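Bear in mind the structure is a predicted one, so any value in this text is a computation, not a measurement.
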Amino acid sequence: MAQAFRSFLTEEKVKYPHVHLSFDDHSVSNWYACRDLLKKYEAKAVFYVDSFHMLGVNEIRMLKELRDDGHVIGCHSKSHKDALVYSRRYNIERYIDDEVLPAMEDMAGAGFKPSHFAFPYSHFDETLYSAVSPLFCYVRPGNESHFYSGQRMYFSPNRLGREETPREGLIRNGEMQRVLDGLRDTAEAHKGISIVLHDIRPAGAGAHAGTHAHTHLTREELEQVLKTLNEAGYAYETFEKVCKYGSDPFDKPDGLV
């Protein structure tokens, strides 16, 4: 099974500063409603989709149109189970057999070949990461604390520490200016970053079934983020052509700040 989904990639240099912009879960119609914004700011994103087998015909059409726009449709597992909890209760092989391979098959059946994967809740450890990595060209390392160098991706094993709040959470807590200032600071430092978003919906609107009510931005908030990324000179990287297949180390080198 794994062989059927492998992507053999060319090595290409990443641009700096750059952003790996991604949307998680399955709020497909709301993502699609922001298609014009993404085009306006020439943004490219990875849409990490879970519960693919539950999507309707129209939602699959929307994902295909987003893919045709140059975005990547990634895998976020079959049913959004916590990989750490599931693999410790059973084993890693069963997690892959129950949550990863079936999701890939569902996507393949609809005409998608997922090259990117993100663990639900960003919960995983080094063993899980190593076990899933051979199935994809890129496995996203959590929400934040990303560092890139050449063709290699690194990240801090202590991602999402107490001092680190995902940008969605900061924005929901009224700290938009802090987020925008942080984007400008990262651009000035000539680094690569990751921004993980979930739903984009009007203020006060209800969440999609199975998604978190608090993890969302409004359309206006998304536009502020995209506008700042453009003004600060970020390039968008999806890593389909950048990752060195199957050999990214888990730890961030000491010399990489």
Side-chain angles (χ1 to χ4, degrees), residues 1-7 20-35 38 44-87 90 92-124 128-129 131-143 168 194-201 206-213 215-216 238-240 243:
M1 172 59 65
Q3 291 286 343
F5 291 96
R6 283 188 173 177
S7 298
H20 180 75
L21 178 66
S22 53
F23 295 82
D24 285 10
D25 301 342
H26 52 265
S27 299
V28 178
S29 58
N30 286 355
W31 299 337
Y32 185 81
C34 292
R35 186 182 175 203
L38 296 170
K44 292 293 180 285
V46 181
F47 295 91
Y48 291 100
V49 185
D50 68 77
S51 307
F52 197 93
H53 61 295
M54 302 291 290
L55 298 182
V57 173
N58 281 338
E59 290 170 308
I60 291 174
R61 174 188 57 79
M62 291 173 187
L63 287 176
K64 287 182 176 178
E65 290 188 30
L66 288 168
R67 181 186 62 187
D68 291 345
D69 288 344
H71 304 293
V72 173
I73 309 303
C75 181
H76 197 40
S77 82
K78 185 176 181 71
S79 56
H80 209 273
K81 288 185 172 65
D82 186 312
L84 269 179
V85 172
Y86 199 85
S87 62
Y90 302 106
I92 290 176
E93 292 73 19
R94 181 162 171 183
Y95 174 74
I96 291 174
D97 287 345
D98 292 352
E99 285 293 311
V100 182
L101 294 179
M104 296 172 78
E105 291 172 348
D106 291 336
M107 295 181 72
F112 296 91
K113 187 177 181 181
S115 58
H116 289 47
F117 181 83
F119 285 99
Y121 312 106
S122 297
H123 288 179
F124 62 95
L128 262 169
Y129 188 89
V132 171
S133 287
L135 297 172
F136 302 92
C137 83
Y138 176 75
V139 176
R140 192 187 68 202
N143 287 339
E168 266 178 335
S194 174
I195 297 179
V196 179
L197 304 174
H198 291 78
D199 198 0
I200 307 298
R201 61 179 186 265
H208 276 230
T211 59
H212 303 288
T215 50
H216 72 280
T238 63
F239 296 95
E240 279 197 305
C243 292

Whether Asp69 side chain and His71 backbone form a donor-acceptor pair below 3.5 Å: no
Main-chain N/O of Leu66 paired to Trp31 side chain as donor or acceptor, under 3.5 Å: no
Lys78/Asp106 ion pair, N-O < 4.0 Å: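 The answer is yes: the pair qualifies as a salt bridge.
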Phe119 side, atom CZ; Leu84 side, atom CG - distance, nearest 0.5 Å: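 If we round to the nearest 0.5 Å, Phe119:CZ and Leu84:CG are 8.0 Å apart.
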Closest non-hydrogen atom pair between Met62 and Ser29, with its separation: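 Nearest heavy atoms, Met62 then Ser29: SD-CA, 3.7 Å.
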For Arg140 against Ser122, the heavy-atom pair lying closest together: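 Shortest heavy-atom separation between Arg140 and Ser122 comes out as NH2-OG, 4.2 Å.
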Residue from Phe136, Phe117, Phe124 passing ring pair (Phe, Tyr, Trp, His ring centres under 6.0 Å) with Tyr129: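 When ring pair (Phe, Tyr, Trp, His ring centres under 6.0 Å) is applied between Tyr129 and each of Phe136, Phe117, Phe124, only Phe124 qualifies.
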Aromatic ring pairing His80/His76, orientation class (parallel under 30°, perpendicular over 60°, tilted between): perpendicular
Ring geometry between Tyr121 and His123 (parallel below 30°, tilted from 30 to 60°, perpendicular above 60°): tilted
Residue pair Glu99, Lys81: steps toward the salt bridge (Lys or Arg N to Asp or Glu O under 4.0 Å) verdict: CA-CA 8 Å; Glu99 285 293 311; Lys81 288 185 172 65; 3.6 Å; yes
CA sep, side-chain torsions, deciding dist, call: Lys64, Phe112, side-chain contact (heavy atoms from CB on, under 4.5 Å): CA-CA 8 Å; Lys64 287 182 176 178; Phe112 296 91; 3.4 Å; yes
Test log, rule side-chain hydrogen bond (donor to acceptor under 3.5 Å, both in side chains), inputs Glu168 and His216: CA-CA 6 Å; Glu168 266 178 335; His216 72 280; over 6 Å; no
